[in-house]
Visitor: 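The structure under discussion is supplied below as C-alpha cells; questions concerning it will follow.
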Amino acid sequence: VQLQASGGGLVQAGGSLRLSCAASERLFSFYTMGWYRQAPGKQRELVAAISGQSTDYADSVKGRFAISRDSAKNTVYLQMNSLKPEDTAIYYCNYRVNVYNYWGQGTQVTVSS
C-alpha cells in the first residue's frame with residue numbers, strides 16, 4: 001500500500017487546514033488509519049486515529065481536529081481547526097495492518113502566531 005499525504009501549508013493561528021491521505025488500494029475500515037506528527041527535536045506522536053466507526057485523538061487536539069474516511073476514494077482526512085503554533089510539524093498518515101505499518105511521505109504544517 002502506498003500512501004500520499006497532501007494539504008499541508010502555512011496558516012495563521014486560528015486558521016484551518018484539511019490534510020488528505022490517498023491510498024493506492026482499498027483501505028479496509030477495520031484496520032487502523034492514523035495521523036501522526038513530528039515537530040523538530042520531538043518524537044513522532046499520534047494525533048488522531050480511526051478504526052471502523054471509532055476515533056481517537058490526542059488530548060492536545062481534541063475538539064479541534066477531526067479524522068474521517070471516504071472509503072470510495074480510499075482516502076482519509078484530517079480536518080484541523082483553530083490551529084495553534086504548537087501544531088507546527090510534519091504530519092504523516094499511517095495504515096496499520098496487523099504487524100505491518102505503511103507510512104505516507106509527510107506533509108508540512110506551519111502555523112504562524
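Note that these values count all heavy atoms, side chains included, but never hydrogens, waters or copies made by symmetry.
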Visitor: Between F65 and Y57, which heavy-atom pair has the shortest distance, and what is it?
Guide: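 Smallest interatomic distance, heavy atoms only, reads O-CE2, 3.4 Å.
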Visitor: Under 4.5 Å between side-chain heavy atoms, hopping through other hydrophobics if needed: is there a path connecting L83 to L78?
Guide: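 Result: yes, single cluster for both.
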Visitor: Applying side-chain hydrogen bond (donor to acceptor under 3.5 Å, both in side chains), name anything that partners T110, two or more places apart in sequence or on another chain.
Guide: Q108
Visitor: Tell me, please, which residues at least two apart from N101 pass side-chain hydrogen bond (donor to acceptor under 3.5 Å, both in side chains).
Guide: N94
Visitor: Could you see if V47 belongs to whatever hydrophobic cluster contains Y102? Use Ile, Leu, Val, Met, Phe, Trp, Tyr and a side-chain cutoff under 4.5 Å.
Guide: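 V47 and Y102: one cluster.
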Visitor: Using side-chain heavy atoms (C-beta onward) and a distance below 4.5 Å, is E45 in contact with Q38?
Guide: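 E45 does not reach Q38 side chain to side chain.
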Visitor: Could you tell me if R44 sits above the aromatic ring of Y92, with its cationic atom closer than 6.0 Å to the ring centre and no more than 45 degrees from the axis?
Guide: yes
Visitor: Residues two or more places apart in sequence or in another chain: which of them pass salt bridge (Lys or Arg N to Asp or Glu O under 4.0 Å) with K42?
Guide: none
Visitor: Of all residues at least two apart in sequence or in a different chain, which pass the salt bridge (Lys or Arg N to Asp or Glu O under 4.0 Å) check with E86?
Guide: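 E86 satisfies salt bridge (Lys or Arg N to Asp or Glu O under 4.0 Å) with no other residue.
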Visitor: Same hydrophobic cluster for L46 and Y100, using side-chain heavy-atom links shorter than 4.5 Å among ILVMFWY?
Guide: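 No, no single cluster joins them.
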Visitor: What pairs of residues pass the side-chain hydrogen bond (donor to acceptor under 3.5 Å, both in side chains) test when at least one of them lies in residues 3-14, not counting sequence neighbours?
Guide: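 Residue pairs with at least one partner in residues 3-14: there are none.
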Visitor: Same cluster or not: are I67 and L27 linked, directly or through other Ile, Leu, Val, Met, Phe, Trp or Tyr residues, by side-chain heavy atoms under 4.5 angstrom apart?
Guide: yes
Visitor: Under a single-linkage definition using a 4.5 Å side-chain heavy-atom cutoff for Ile, Leu, Val, Met, Phe, Trp and Tyr, are I90 and L17 assigned to the same hydrophobic cluster?
Guide: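 No: no chain of side-chain contacts under 4.5 Å links I90 to L17.
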Visitor: Sub-3.5 Å donor-acceptor pair from the side chain of S113 to the main-chain atoms of P85, do we have one?
Guide: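 Pair absent, no side-chain N/O of S113 close to backbone of P85.
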Visitor: Can you confirm whether or not the ring centre of W103 sits under 6.0 Å from the ring centre of Y95?
Guide: no
Visitor: Can you list every pair that meets disulfide (SG to SG under 2.5 Å) and has a residue in residues 16-65, with sequence neighbours left out?
Guide: C21-C93
Visitor: Cation-pi check for Y77 against R18: NZ or CZ below 6.0 Å from the six-membered ring centre and within 45 degrees of the axis, yes or no?
Guide: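 That pair qualifies as a cation-pi contact.
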Visitor: After noting the C-alpha distance and the side-chain angles of F28 and R26, does the key distance pass the side-chain contact (heavy atoms from CB on, under 4.5 Å) rule?
Guide: CA-CA 6 Å; F28 292 95; R26 179 183 175 185; 3.5 Å; yes
Visitor: Using the side-chain contact (heavy atoms from CB on, under 4.5 Å) criterion, which residues pair with S24? Sequence neighbours excluded.
Guide: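 For S24 the side-chain contact (heavy atoms from CB on, under 4.5 Å) partners, ignoring immediate neighbours, are V1, Q2.
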Visitor: Quick one: salt bridge (charged side-chain N to carboxylate O under 4.0 Å, His left out) pairs with a partner in residues 65-81, sequence neighbours left out?
Guide: none
Visitor: With sequence neighbours excluded, tell me which residues meet side-chain contact (heavy atoms from CB on, under 4.5 Å) with N81.
Guide: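 Applying side-chain contact (heavy atoms from CB on, under 4.5 Å) to N81 gives S16, Q79.
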Visitor: Give the minimum heavy-atom separation between S20 and T75, together with the two atoms involved.
Guide: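 Closest pair (atom of S20, atom of T75, distance): CB-CG2, 4.3 Å.
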Visitor: Please enumerate all residues that pass side-chain hydrogen bond (donor to acceptor under 3.5 Å, both in side chains) together with S51, with sequence neighbours excluded.
Guide: none
Visitor: What is the distance from atom CD of Q53 to atom CZ of F30, rounded to the nearest 0.5 Å?
Guide: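 Between atom CD of Q53 and atom CZ of F30 there are 13.5 Å.
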Visitor: Below 4.5 Å, heavy atoms only, C-beta onward: do L19 and V76 meet side chain to side chain?
Guide: no
Visitor: Could you work out, with side-chain hydrogen bond (donor to acceptor under 3.5 Å, both in side chains) as the rule, every residue matching D59, not counting sequence neighbours?
Guide: K62
Visitor: Indicate yes or no: at least one non-hydrogen side-chain atom of T107 is less than 4.5 angstrom from one of R37.
Guide: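 A side-chain contact is absent here, since even the closest heavy-atom pair is not under 4.5 Å.
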Visitor: List for me each residue that meets salt bridge (Lys or Arg N to Asp or Glu O under 4.0 Å) alongside R64, sequence neighbours excluded, and say none if there are none.
Guide: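 If we apply the salt bridge (Lys or Arg N to Asp or Glu O under 4.0 Å) test to R64, skipping adjacent residues, the hits are D87.
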